[in-house]
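For the numbers below, each heavy atom of this structure counts, side chains included, while hydrogens, waters and symmetry mates do not.
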Amino acid sequence: MVQEYAHLTCGFPRHMCCRESFCDGPLSSLMAPNPSVIQLTTYDFWEKYCQNLHISDLDNRPSISPSERASLGAQLKHNPIQHSQHHTQDLNTRSREVAAMADLVVGSMADLVVGLAKSVVEGALTKAQSAIEEESQLQQSAQRDLVFITGEFEMMHSFLNVATKERVENKVVMTWVRQVRELAYDVEDCIEFVVHLDTKTSKTNWFWRMIPSWCITPPPTALALDKAVSEIEQLKAQVKDVSTRNSRYSLISDSGSKPVTQHHAAMAGTTALSSTELNMLAEARDAARRQQGLGDITHLITNKDNQDPHLQVISVWGTGSDLGTTSIIRKAYSDPEICKKFLCRAWVKLMHPFNPNEFVRRFMAQVYKNSCDEQGVDVGVHVLTKMKAEQGDLLKEFVKEVKTKTYLVVLENLTDMVDWDDVRTFLPDMMNGSWIIVSTQQFEIASLCIGDSYQPLELQQFSPEHSVCAFFKEGSQGDKDEKLALSQVGQNSSYGKTPSSNWEAATYWMKNSPLVGRETEMNELGSYTAKACFSNSRVVSVWGIAGIGKSALVRNLYYDRILHSGQFKQYSWVDISHPFNLRDFSRSLISDHHSEKDPIKECRELLSQGQCLVVIDDLQSKEEWDLIQAALVSRPSSSIIIVITTDATLATHCTKNEDQVFNVKGLQADAAMDLFRKEVKRKNPACPLHDHKDEDLEELILKCGGLPKVIVSIAALLATQTVTLMDTVRALNDKFMHDLETNPDYDSLRGLFDWMYNYFRTCPDSLKPCIFYLSIFPRGHNIRRRRLVRRWIAEGYSRDSEEESAVDKGENFFSKLLDLSIIQHIPQLVTTAFSDTRMVTCQVNAFIREYIVSRRMEENLVFELGPNCVLTTQRTGRHLIILKGWDRDRIVFESIDFSRLRSLTVFGKWETFFISESMRLLRVLDLEDTSGLKDEDLKIMVQWLLRLKFLSLRGCKDISRLPNSLGDLRQLQTLDVRHTRIVKLPASISKLQKLQYVRAGTKAPASAPPASSSRLPEFIRRHGLVGVKVPRGIGKLTALHTLGVVNVDASGGKAIVEELKKLTQLRKLGVSGINRYNINEFFSETSVLVHLESVLVQLDEDSRGCLEKISLPWKNMQSLTLYGLQDMLPPLEMDTLKKLRKLDLEMDTLQSIGMEFLAKLPELRIIHLRVKQLVDGKLHFCAKMEGLELDTFEKVKILEVTCMSSRLHVSFGSKSMKNLELLKIDCSSAAYELTGQNNLLELKEVFLKGTDDEEVKTSVENLLADHPRKPAVKLGLQRSS
C-alpha cells in the first residue's frame, strides 16, 4: 500500500497547503516531516473526493486518478480558508501534544510502567507498519487509518523515550501511560486479527460487497474484514482521543512543559534548574520513594543506628528558591528530642563577607536564649544582660560551649565555600556527636559541604520543579551493614567498632561472625585466589545481587588469610565511595601506610613491589575499574586483588578471564533455615523460634530467596517477639514485600531495595516485560528455558530484528536475567556446566519474585486463581494463572472478563469450563503437566482460540490425538506435545506456515500401551525413544527451526527425508526409526541443513550396526545424541565435532578407540554414557602416548554413566577430567568400583541414581574421604531416561 501511495500527490494547490513541501511530490517523500499531518491531509482529501462522487460508504473509496485529483483540487480552491485552518489547528494541536505528552510521561518510571508501555507501544507500532506494507486485502480507508495510527504511536514511543530521561513525577502521567499501554494492546490485537484473515479468500471479498445483503449472505471472511475495518476506525478515534485528552481537560500549558496548575505555581520565584540539578532532584525523590515517604531531618540526626562520634553535616538545599527551607529546619531545630540531645543549640544567619566577631556574638546570643528558663519579655532581657556582662569573656564562653558540649548549629544563608571554611575553623570536631545544618540554595555548595560521598533525600515537594532536599554523608543512616558487618549472622556492629589492628579485627570477626551454609563456597573462593597466583590476571571478581552475602564471604576469606596464611605481607580492604575519586581511593588503600608521597604513586609501588591482598568492595562501573587498572595495577605484580560487584559483565571486565569470576548465589533452603535459627538464638536465647517448626515460618524463610541479609533482618525482628510471635510471622507472610519496604525495623535492607529499584529502573525497556512475566510461575517451580523463551516470543516481548532473530534475542534476555540471579539454577544443581552450555531448567529467585508480584497487580498484568480466591477478589489483567490449590469454583471463573486475556497457564487439574469463547485474543495456552485434559477439550480449544501462537500440552498423559482442525491455528509458532500419548501429527499441520518449534514424542521404558481408542503402533513398545509420525507436506513449514522427534520409518522413510531436506532453517532435529533402508538417504539429504546445532538419532533395534560406516555431515553441532549403536562409533572427524559441548551415547559396548577420540574433543562439557557391557567390565578415562599420560576431557563438568552389566570398574587418570564437578552413576543394575577419584580436583557431588541404599552411599563416602574438596554423596531412586 505504501508503494501505491508513493505515486500520489496531495492534490492541493501550493498556496492551500499548510506546508509547501507537501505539494507536487510523492507521498513517500513526505512521511519524514510529519507523518500524521500527511495522513490528515490524505484523509480529508478522500472524504471530499467521495462526497463529490456521491459515495456514502467511506470504507469503499475507489482509487483516484490524476484528473479526478485535479478536479477535487479545483473544488477545494473555493474554500481554502477552512482547509488551511484545519491543518493549522492540527499542527498546533500536534505541537502541544508533543510537549505535553513528553511531560506527562516522565513520572512513571516507578515500578517499570514506562518501560512496559514502551514495549507494548513498540509491538503495536511494528504490527501496524507490517500490516500497512503487507496486507493488500485491506480496504483503503483501513490502510489510511493504520498510517495515522502508526504516526501517532511513533510519537508516543518517542515521548516515552524522552520520559525515561526526564524522571519527574506526576500522578497524571501514571494514568495516561497506562491508557497508552492498554490502547497499544488493543491496536496490536486488532491488527493481528486483520493479518490473520485468509488472504486467498479475501481477494474475492470485493465481489460480495457489490451484492446487496438481502440478496445473498456474504462469506464469513468478507464479514470479518468489514468488522476489522470498523474496529480500526474505532481505534483511530480512540488514539486521537488519548493523544488530545490532556489538552482537552486543560491540564497542559501552551508551552507543553508542565501541567498548567503546577506550571505557573512553579515558575513564581524559581530559577531554571540545570541538568545536574534535575538529576540530583530526581535521585532525591527516588530515595524518598524507596523509603515510602519523605525524609525527616530529626530522624537523620537522632537515628540510633548512627553511632558515628565525628562532627556530621546536613545540607538543606531548596531547588530554585528558599520556599519551605526555613520552616523544615525550624521544625527539627525545635523538636523536643533534638533539644534534649543537644545541650548547645544555635541558629546563626551568616553575614557577607564573613565576620568572625559577629558570628560569635550571634552564636552566643542563641545559646543564652536557649538556656533561659524565663518566658516572654524576660528572655530578651536575660540575653542582653548576659551579652553585656560577659562582653570581655564572650570568646572564652564560646570556646567552652563548642569544646565541652554536644552542639547543633544551623548556618542560614551559606553562599560560598570561603565562608564555609571560615566557619569550620570555629566549630571543631570534638568526637562527641555534634551536628551542623547548612541552609543554601546552591546545589554545589550543599554537596561540597558534605564531601565526596553524599546521599540526597527529598524532605518536601512543593511543585515538580521545587523541592527541599537534604544531603548527608553516605552511610550515616547506618544502612551499610553489608560493607562493615554484613554477614550470615547479622552483626549490627560496624568495622569501626572492632579493634584497630588487622590481627585483632580478624580475630574479632572470625569469632563473632561465623559463616553459615557457605563452607563449600568458602573453599571454592580460596581455590580461585590460589589459581590467580599463577594466572596472567591476578584479579578475582566476586559478583552477585545485593544482599546475597558477597562481602561477608570475601571478608571471611580475607581475615582467614590474615590469621592462618603467610602468603601475603600486607592487607587492605577498600570500600569505594561514590562519586569515585582515584586519589581518595588510593588514600584509603594505603591508609595503614603513612607516607608523604603522592598517594597514587605510593599505591602503585605498594602493589607492584609487595605481596598484598587487596579487596575492592562495591565497584560499580567499568570506568572506575579502568582508572584503577591504568594507574595502579597495569604492571606485573605479586599482589592479588579481589573485586566485589553486583554486575556480572563488570566482573568479567575486571579479570579478562571467566575462570576467575566467582558468582555468589543464595543459600539453599536448609542452610537458610539454619542461619535463621542461629541468628534468633544469638539475638534472644530464650526465643522459641530457634528450634520451632512451622509451615508459615518455613514459607517465610523461603520467600527470602536465600538472601542472608533479608534472613538476618527478619530474624532480628522476630527474636524480640513474645506472645504475638506467630501472628507476626503470619502477618509478615501476608504482606511480605510491603512490610520489608515500609517498616522502619527493616532499614538495614534499604541498600538492597536501592539496588533493586535502580536496576529495574535502568534495565533495558525490552527486558522489563520479561521480568514481570516471571511472576506467572509459582515460587520454587522449575521452569524450562525453552518454555520461557518460546512464551516471550509468542507474547511479542522478543521480536525479530535486523541484528538478530527473536530466538537469539530471547536467549540473550534469559542470559541477562541469569547473570543478575533474577533467575537461577535449581538449588540442588552444584555444577557450573550450564553456564558453559544452555541451562535446561531454572527457578525464579523467591525474593525477586515476591518483589515482582507485589507490583504486577499495580500494572494490571497478571492475576491468579489460588487458594484464597473468592468471588469479590479483583480479577483483571492480560495473563491468568490457575494454581493447583484453587478449588475450581465455576461461579468464580465465569464471573471473570476474558475479553483481553492474552495467556492462560494452568497448574494441576484441568476443568472443561477453563476455556471460554470470549478468550478470542488468547496467544499463549500453557497446560504443561496438567491432569484431566481430554481430546474433546482440545477440539474446543482449536475451534475458539484461533489466535494462539503458543500451545503446550507437554506432559498431558490423557491426550492421544490432535484434531484435524489444528490447521486453523494459522498464527501458531510453538507446538509442544512431548510426553503425551500422541503418536501422529495431523495432515493439516502443513498449513501452519508460521510454525517454528515442534516437540513431540517421549522417552519411556517399554510397557503395555494404556487403554485408549487408538492402539500405539508396535515400533514404540520397546525401551527407547518414542517418535511420532509426521504427514507429507511437512517440508512446507520452512520457518521451522526445532523439530523432533520424527519417526522416519513410520512417516514414509525416504519420502519424508525429502521433506526434511526442505527445512533449511532447522537448528535442532530429532529422529527415530532410522534403519538400514533409509539411513544413507537421511544423512545424505540432511547434509544441506547447515544450521543444525543439535541432532538426535535413534536407530531401530534390528539396525544397531548400520551407522558404523557413515560419517556425520553437520559441522556446527553443539549437542549430539546417538541411541541404538552397537559396539563402534560412526567415523568421527575433529572438524565436524570441534564445537561439540554435549554428547549422549547409548550403545551395546564402547571400545577403547572410541574413548580415545572422545577424550580429544576440545569443547566437550557434558557426557552421558549408556552401555550394556564393557570389555573386562572396565571404563577408563585416561589416554597415554609413549607411556606418558595426556591431558584429556579437559572441559568436561558432568559425567553420567549407566551400565547393564553386574559390575563395573570406573577409573580416572591423573590428568583426566580435572574440571569434573558432577558424577552421576546409575546403580539400579550394576555395582560400581571407583579408582582415581581423588584426581577429580573440582568434584563437588556424586549422585547415585536408582538406589536408596545407605550402605552404598557410605561405601562411596569412604572412597571420597581423602578427596580435597569433600564432595557430597546423594541418593536418588529415579532411573536414567
If we only count heavy atoms from C-beta on, is the [X] to [Y] side-chain gap below 4.5 Å?
{"X": "V438", "Y": "F471", "answer": "no"}
{"X": "I297", "Y": "I328", "answer": "yes"}
{"X": "I576", "Y": "D617", "answer": "no"}
{"X": "L707", "Y": "I711", "answer": "no"}
{"X": "I301", "Y": "I338", "answer": "yes"}
{"X": "L414", "Y": "L350", "answer": "yes"}
{"X": "L459", "Y": "D296", "answer": "no"}
{"X": "L749", "Y": "K709", "answer": "yes"}

Is there a donor-acceptor contact under 3.5 Å from the side chain of [X] to the main chain of [Y]?
{"X": "D429", "Y": "L311", "answer": "yes"}
{"X": "R330", "Y": "Y333", "answer": "no"}
{"X": "N743", "Y": "D739", "answer": "no"}
{"X": "K331", "Y": "T298", "answer": "no"}
{"X": "W435", "Y": "V313", "answer": "no"}
{"X": "T406", "Y": "G433", "answer": "no"}
{"X": "S854", "Y": "Y851", "answer": "yes"}
{"X": "Q312", "Y": "D308", "answer": "yes"}
{"X": "H352", "Y": "N413", "answer": "yes"}
{"X": "N370", "Y": "R345", "answer": "yes"}

Closest non-hydrogen atom pair, [X] against [Y]:
{"X": "V574", "Y": "S588", "answer": "CG1-CB, 3.9 Å"}
{"X": "V468", "Y": "G324", "answer": "CG2-C, 4.1 Å"}
{"X": "P456", "Y": "A284", "answer": "CB-CB, 3.9 Å"}
{"X": "G547", "Y": "L752", "answer": "N-CD1, 4.3 Å"}
{"X": "P708", "Y": "I548", "answer": "CD-O, 3.3 Å"}
{"X": "L740", "Y": "Y746", "answer": "O-CB, 3.6 Å"}

* List the steps, then state whether side-chain contact (heavy atoms from CB on, under 4.5 Å) holds for Q455 with K473. => CA-CA 6 Å; Q455 182 176 339; K473 184 178 180 182; over 6 Å; no

Donor-acceptor side-chain pairing of [X] and [Y] below 3.5 angstrom:
{"X": "T646", "Y": "W755", "answer": "yes"}
{"X": "S434", "Y": "N432", "answer": "yes"}
{"X": "E458", "Y": "S467", "answer": "yes"}
{"X": "E412", "Y": "W347", "answer": "yes"}
{"X": "D422", "Y": "W420", "answer": "no"}

* Asked: Can a salt bridge be assigned to the pair E337 and K341 using a cut-off of 4.0 Å between side-chain N and carboxylate O?
  ->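 Salt bridge between E337 and K341, a charged N being under 4.0 Å from a carboxylate O: no.
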
* Asked: Should R750 and D747 count as an ion pair when the cut-off is N to O under 4.0 Å?
  ->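 Yes, R750 and D747 are salt-bridged.
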
Output the distance between atom [atom1] ([X]) and atom [atom2] ([Y]), rounded to the nearest 0.5 Å.
{"X": "L589", "Y": "I600", "atom1": "CG", "atom2": "CD1", "value": "11.5 Å"}
{"X": "C344", "Y": "K403", "atom1": "SG", "atom2": "NZ", "value": "14.0 Å"}
{"X": "I437", "Y": "S439", "atom1": "CD1", "atom2": "OG", "value": "9.5 Å"}
{"X": "T440", "Y": "W317", "atom1": "OG1", "atom2": "CH2", "value": "10.0 Å"}
{"X": "Q620", "Y": "D647", "atom1": "CD", "atom2": "CG", "value": "10.0 Å"}
{"X": "L717", "Y": "T728", "atom1": "CG", "atom2": "OG1", "value": "7.0 Å"}

* Residues V367, Y407; criterion side-chain contact (heavy atoms from CB on, under 4.5 Å); working and verdict -> CA-CA 10 Å; V367 171; Y407 61 81; over 6 Å; no

* To do: Would you please indicate yes or no on a ring centroid separation below 6.0 angstrom for F363 and F398?
  =>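 Yes: the rings meet the under 6.0 Å criterion.
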
* **Exceeds 12 heavy-atom contacts within 6.0 angstrom, atom CD of E444** =>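 No, not enclosed.
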
* **Verdict with supporting geometry, K396 and K400, side-chain contact (heavy atoms from CB on, under 4.5 Å)** => CA-CA 6 Å; K396 292 182 180 179; K400 179 181 177 181; over 6 Å; no

* To do: Go through the steps for F359 and F354 under the test ring-ring contact (aromatic ring centres under 6.0 Å, His included), then give the verdict.
  => CA-CA 8 Å; F359 174 76; F354 179 71; 5.7 Å; yes

* Aromatic rings Y454 and F443: how do their planes relate, parallel, tilted or perpendicular, breaks at 30° and 60°? ->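 Y454 vs F443 ring planes: perpendicular.
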
* Where do D419 and M351 land on the side-chain contact (heavy atoms from CB on, under 4.5 Å) test, with the steps shown first? -> CA-CA 9 Å; D419 287 355; M351 303 285 290; over 6 Å; no

